[in-house]
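Order of the sequence lines fixes the chain letters, A, B, ..., with proteins taken first and strands second; residue numbering starts at 1 for each chain.
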Protein chains: 2
Amino acid sequence: MNYTISQVAKKTNLSIYTIRYYDKEGLLPFIDRENGTRVFHEHDVDWIDLICCLKNSGMPIKEIRTFINYCTDHDAVVEKGLEILIKHRQNIEQQLRDTQRNLQTINYKIEHLPQMYKEKFAVGDQRKTELGTKTTEVK
Amino acid sequence: MNYTISQVAKKTNLSIYTIRYYDKEGLLPFIDRENGTRVFHEHDVDWIDLICCLKNSGMPIKEIRTFINYCTDHDAVVEKGLEILIKHRQNIEQQLRDTQRNLQTINYKIEHLPQMYKEKFAVGDQRKTELGTKTTEVK
DNA sequence: ATATACGATAGAGTTAACTCTAGGTCAATG
DNA sequence: CATTGACCTAGAGTTAACTCTATCGTATAT
């Protein structure tokens, strides 16, 4: 089964612009052409899915191109490509930890926002800056 | 205890440029000045930490400004600010799921890369594209 | 035969988030 | 009193990743 660029756009949730941009940037050197028109095969979509995973997890286009080059270069082949994926997996694992920490932080901040507000911005009987709160508030 | 901009830069791992940029963008309307020079207090660093958490978890500068404006605006105050944080927490929870999915995907792709390579790029007794494997290939 | 639709390219424009440069103030030091 | 170092602003420059425009080619439908 073959696909046109607009069909692949739908399947991958990329815009047609983006797919052509990726091709221009050397991410899709394996796509066939018929009279200049791109022809996508089933397996191409698997590769594009991989590219999307790398992009979604923050790998820059240039590095994705390096990865694809390794994969299409018959000397380096899979080993070098695998090396990149395995290294990138560590990034994703780090992202996971970072996001978990962000979640903890925001939970803490949600709890403490009223107090942070009071300490810095509250007006009324107290002064506006923490000079005023220093009387009631101890660090 | 007061801090200069370069001390805050070290504490927060932001560059001096970035801190001034954030100020320019209205993220730090609460910073005091002495003869034009910024003076940072302890509580300011708490607020900058919150800003960093929001930024690290993908909130755009404009939205962070909106949040800060709510917090410094004595009419809207905490409720509106809390609303934004609570809504943003959902984004972070989504990021967590997305990252977990990315991790699964990359694990799968690491396992299957050799096969993906064979299917699309392998040479030898077979042709280079899948045209060879289907003999002629019909649309 | 012309309009419509879809494909293509080259290259310009956009956006976010910095990052840096030029030029200036001010306080302490030799 | 000149130099050094840290601060300031305005505004220009950078980078990544799109996103769009202009223009063209081809095929099908009316």
B:R38 vs D:dC7: side-chain N/O to OP1/OP2 distance below 4.0 Å: no
Within the 6.0 Å centroid threshold, strictly below: A:W47 and A:F40: no
Co-membership, hydrophobic cluster, residues B:V39 and B:I16, 4.5 Å side-chain: no
Divergence of helical axes at both termini of the helix from C:dA1-D:dT30 to C:dG30-D:dC1 - five pairs an end, 10° steps: 20°
B:R97 side chain to B:Q100 side chain, donor-acceptor N/O pair below 3.5 angstrom: no
Whole angstrom value for the distance that separates P of C:dA17 from CG of B:D23: 17 Å
Whole-Å distance separating the CD atom of B:E34 from the C1' atom of C:dA27: 14 Å
Residue met sooner reading DNA chain C from 5', once A:K24 and B:G58 are mapped to nucleotides: A:K24
Ion pair check, A:R101 and A:D98, cut-off under 4.0 Å: yes
Residues A:D73 and A:K80 bridged, charged N to O under 4.0 Å: no
Whether B:Y108 and B:H112 hold their rings parallel, tilted or perpendicular, with breakpoints at 30° and 60°: parallel
A:Y17 side-chain N/O to D:dA17 phosphate OP1/OP2 under 4.0 Å: no
Side-chain N,O (B:T4) to OP1/OP2 (D:dC7) below 4.0 Å: yes
Nucleotide nearest B:I16 (side chain, heavy atoms from C-beta), chosen from C:dC18, D:dC7, C:dG7: D:dC7
Separation of D:dC7 P from B:I31 CD1 (nearest whole Å): 14 Å
C:dG7 OP1/OP2 closer than 4.0 Å to side-chain N/O of A:S6: yes
Distance in angstrom units between B:I19 CD1 and D:dA6 C1', rounded: 14 Å
Phosphate OP1/OP2 of D:dA16 contacted by A:Y21 side-chain N/O (<4.0 Å): no
Euclidean distance, atom CZ of residue B:F40 to atom P of D:dC8 [Å, nearest integer]: 7 Å
Nearest-Å distance for atom pair CD/C1', residues B:E63 and C:dA16: 14 Å
B:T18 side-chain proximity, nearest of D:dC18, C:dC18, D:dC8: C:dC18
N-O pairing of A:D44 and A:K11 below 4.0 Å: no
Length of the line joining A:I51:CD1 and D:dC18:P, which is rounded to integer Å: 12 Å
Atom-pair distance (CG on A:N35; P on C:dT9), nearest Å: 13 Å
Phosphate-side-chain proximity, B:R20 and D:dC8, N/O vs OP1/OP2 below 4.0 Å: yes
